[in-house]
Amino acid sequence: MPEARRNSTVPDARSAAPDEPAAPDGPGSPEVGSGLLCELDEDGERRGRPVPADDLVAAIAERELAGHVRWVWQAAVGLYPALARAGARVARCHDVALAEALLRARDGADPAADDASAQQPRLRPAGQPTLFEPDLFEPTQPGPRREPSQMLDALIEAHADQLRRIAADPDPVRFALLVAAESAGALASAEMSLTGLPWRSDVHDALLTEQLGPRPAGAAARPPKLAELARQISAAFGAGGDGGPGRHRARAATPVNPDSPAQLLKAFAADGIRLSSTRLAVLRDVDHPAVAPLLEYKELARLHSAFGWSWLDAWVSGGRFRPEYVVGGVVSGRWASRGGGALQIPRLLRRAVVAEPGWVLVVADAAQLEPRVLAALAGDRAFATAAAAGDLYAELAGAFGGDRAKAKVALLSAMYGGAGGEAGQLLAVLRRRFPAAAGYVEAAARAGEEGRVVRSVLGRTCPPPTAAWRALTADAVGPATRARGRFTRNFVVQASAADWALVMLVSLRARLWQIKSQNGPSELVFFQHDEVVVHCPAEAAGAVSAALTVAAEEATRLVFGPTQVAFPLHVAVVGCYADAK
DNA sequence: GGTCGGGGCGCG
DNA sequence: AAAGCGCGCCCCGACC
């Protein structure tokens, strides 16, 4: 084993496969138990015989301490939460399932084919266990259990095959980085779920009471404030002063459920107001006495239903909010979440996110990330020069008559495919002054309209168009064609921004481990697309801030290589999340 | 009784 | 000011 660690920057020992898979989650999860390990070379070849480990947690911890190890396993999500609960921490891994998703997207496999029984012949000879059969590591599935050694063989073969396919990428270094970062992201997400975001239930409860009135006894009952607003809304319909057909009918007695768009549309129509929808943007311009209480109702009802007392009961325990993150859950590479709406927490509720006594929150968000990513991607000299400075939009304002707001609209329209209002005109300016930047997103849009796929800077591939889309767009350009163009146009930017943020996150994670503090280790507690929150002892705040800066610089260098585009972070050290920015 | 699509809105 | 992109989750109402 000693010679295996001679190069500390390259993964050298690759080990695999528990034979006693732990239950993936939940309280009362059994011990991780024993496992089977096999050391591998950098190219995935076996370096020795598989060795059993009676205590997998201990064996992993021991090898982790001994030096640089990259663990190879079928999926971190199936094993690492239990490992982490048992106290083990792993720096690096190769997540075969996440890697396979990236590779299949690249190679144009129809994702729907996974569901069919159609085999992927190139993956393995017939008769061998297929690593991606759903039951391989699922002891709950009926049928004979596979032998651990068979599972290990399948894993090692699949891993070696993946390394070959990664190496065959047009940009193998970047694609390997993507696989490594995606895998490390799975580790970080499991740790974040375990740690949880500090959450003050008392502050949350007080906020709800202030906004909604006292908590109602029944879960189904409306809080006092909502009940009163609902009454006002019902009363406002049919009670209008000036007449009109049917106006004299006593309709005020008919309750209108403000949660029902259909009932609202009907009630407005009865008062002579025909609406396309009951959306906020539409209602704002409507002159009717029901509108004011309705807008207030919508805002408060959302708070109550999505983040009210029952949310508090369900998701906060022991002073922490523990959401489940889904790595690979968004096509662009951003994380999704399952349960608790972790990535849609209303800004109002950030009041409840408070550091523990003696600790602080270090909140960092990447400023103007997406336009900066476009600048780095496109290699547009003039655009990149502007992106070297602090406020990108301000730097671009000169091209738009000195109007920063126009520069922003032009950029957002270019990245999102908007063309309404004066956007078209501003886009023309953008195209003239920054042809490479405009050309980059327009080429992506064209690819989408023609049914091709596009890739992020690290090589994440967007899903191919569906058969339904192909049928729909075979003959003529229509709304579906343009929608697909907007999707791929946005994908190259959003997914590349997600690449950068993910690399930044995992780089930060590694650096936080190096910070020693008497009062405990710094905790990564939240990650939302382009924003990260670290909970740390107050005396570690300086070191954490420095680690953030270095992580951002490393992400920029690894993802984009040499570029003059800057990716500044806004960093705030606060006691309460609401006080950041 | 359940499921599912749409409308709507929170976040980036 | 809103719009163009990506999500999750709530409620309603149609449907089985």
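Note that the structure is predicted; figures quoted are calculated from it, not measured. Sequence lines set the chain letters: A, B, ... in the order given, protein chains first and strands last, and positions in each chain run from 1.
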Under 4.0 Å between any heavy atoms, over every strand shown, what does [X] touch: base, sugar-phosphate, or nothing? Just pick one.
{"X": "A/Q528", "result": "sugar-phosphate"}
{"X": "A/S337", "result": "sugar-phosphate"}
{"X": "A/G329", "result": "nothing"}
{"X": "A/R350", "result": "sugar-phosphate"}
{"X": "A/L369", "result": "nothing"}
{"X": "A/R489", "result": "nothing"}
{"X": "A/Q263", "result": "sugar-phosphate"}
{"X": "A/N257", "result": "sugar-phosphate"}

Nearest whole angstrom, please: distance from the [atom2] of [N] to the [atom1] of [X].
{"X": "A/L280", "N": "B/dG7", "atom1": "CG", "atom2": "P", "answer": "17 Å"}
{"X": "A/I345", "N": "B/dC11", "atom1": "CD1", "atom2": "P", "answer": "10 Å"}
{"X": "A/L430", "N": "C/dG4", "atom1": "CG", "atom2": "P", "answer": "19 Å"}
{"X": "A/Y325", "N": "B/dG12", "atom1": "OH", "atom2": "C1'", "answer": "14 Å"}
{"X": "A/R334", "N": "C/dG8", "atom1": "CZ", "atom2": "P", "answer": "11 Å"}
{"X": "A/D499", "N": "C/dG6", "atom1": "CG", "atom2": "C1'", "answer": "15 Å"}
{"X": "A/Y297", "N": "B/dC9", "atom1": "OH", "atom2": "C1'", "answer": "14 Å"}
{"X": "A/E324", "N": "C/dG8", "atom1": "CD", "atom2": "P", "answer": "12 Å"}

I'd like to know if the side chain of A/R174 reaches the main chain of A/L458, judged simply by a donor and an acceptor atom lying under 3.5 Å from each other, with no hydrogens or angles considered.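 Absent.
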
Just by modelled atom types, is the A/V256 backbone N or O under 3.5 Å from a matching donor or acceptor in the A/S260 side chain?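 Not a single qualifying donor-acceptor pair exists.
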
Should the pair A/R222-A/D259 be classified as a salt bridge under the 4.0 Å nitrogen-to-oxygen rule?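 Looking at A/R222 and A/D259, the cut-off is met.
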
So, are A/E449 and A/R486 salt-bridged, with charged N and O less than 4.0 Å apart?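 Between A/R486 and A/E449 there is no salt bridge, as every charged N stays at least 4.0 Å from the carboxylate O atoms.
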
Using a cut-off of strictly less than 4.0 Å, decide whether A/K298 has a side-chain nitrogen or oxygen near OP1 or OP2 of B/dG8.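 A/K298 to B/dG8 OP1/OP2: no side-chain N or O under 4.0 Å.
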
Does the side chain of A/S277 get closer than 4.0 angstrom to OP1 or OP2 of B/dG8 through an N or O atom?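 The answer is yes; a side-chain N or O of A/S277 sits under 4.0 Å from OP1 or OP2.
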
Return the nearest nucleotide to the side chain of [X]; candidates are [options].
{"X": "A/Q494", "options": "B/dC11, C/dC5, B/dG8", "value": "C/dC5"}
{"X": "A/Y416", "options": "C/dG13, C/dG6, C/dC5", "value": "C/dC5"}
{"X": "A/E531", "options": "C/dC12, B/dC9, B/dG12", "value": "B/dG12"}
{"X": "A/V331", "options": "C/dG13, B/dG7, C/dG6", "value": "C/dG6"}
{"X": "A/P346", "options": "B/dG10, C/dG8, B/dG7", "value": "B/dG10"}

State, to 0.1 Å, how close [X] and [Y] come at their nearest heavy-atom pair, and which atoms those are.
{"X": "A/L264", "Y": "A/N257", "result": "CG-O, 4.3 Å"}
{"X": "A/P371", "Y": "A/Y393", "result": "CG-OH, 3.4 Å"}
{"X": "A/L294", "Y": "A/F268", "result": "CD2-CE1, 4.1 Å"}

In Watson-Crick or G-U wobble terms, both distances under 3.5 Å, what is the partner of C/dG4?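 In the structure as shown, C/dG4 has no Watson-Crick or wobble partner.
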
Can you tell me how the ring of A/Y577 sits relative to the ring of A/F526, calling it parallel under 30°, perpendicular over 60° and tilted otherwise?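 Correct class here is perpendicular.
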
Proximity to DNA chain B (any heavy atom under 4.0 Å), residues of residues 301-312 of chain A only: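 DNA chain B contact set from residues 301-312 of chain A: A/R302.
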
Should C/dG8 be called syn or anti, with syn set as within 90° of 0?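 Nucleotide C/dG8 adopts anti.
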
Might you work through the ring-ring contact (aromatic ring centres under 6.0 Å, His included) test for A/W311 and A/H204, ending with a clear yes or no? CA-CA 10 Å; A/W311 182 91; A/H204 187 161; 5.5 Å; yes

Got a list of protein N/O to nucleotides 1-3 of chain C N/O distances below 3.5 Å?
{"unit_1": "C/dA2", "atom_1": "OP1", "unit_2": "A/R284", "atom_2": "NH2", "d": "2.9"}

Could you check whether the side chain of A/R279 and the base of B/dG7 have a donor-acceptor pair of N or O atoms closer than 3.5 Å, going by distance alone?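 Not at all, since no donor on one side and acceptor on the other fall under 3.5 Å apart.
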
So, does the side chain of A/R486 form a donor-acceptor pair with the base of C/dG4 at under 3.5 Å?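 No, the side chain and the base share no sub-3.5 Å donor-acceptor pair.
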
Around atom CD of A/E450, are there more than 12 heavy atoms of other residues, nucleotides or ligands at under 6.0 Å?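 It does: A/E450 CD has more than 12 such atoms within range.
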
Taking the ring centre of each residue, are A/F307 and A/W315 less than 6.0 Å apart?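 Centroid separation for A/F307 and A/W315: 6.0 Å or greater.
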
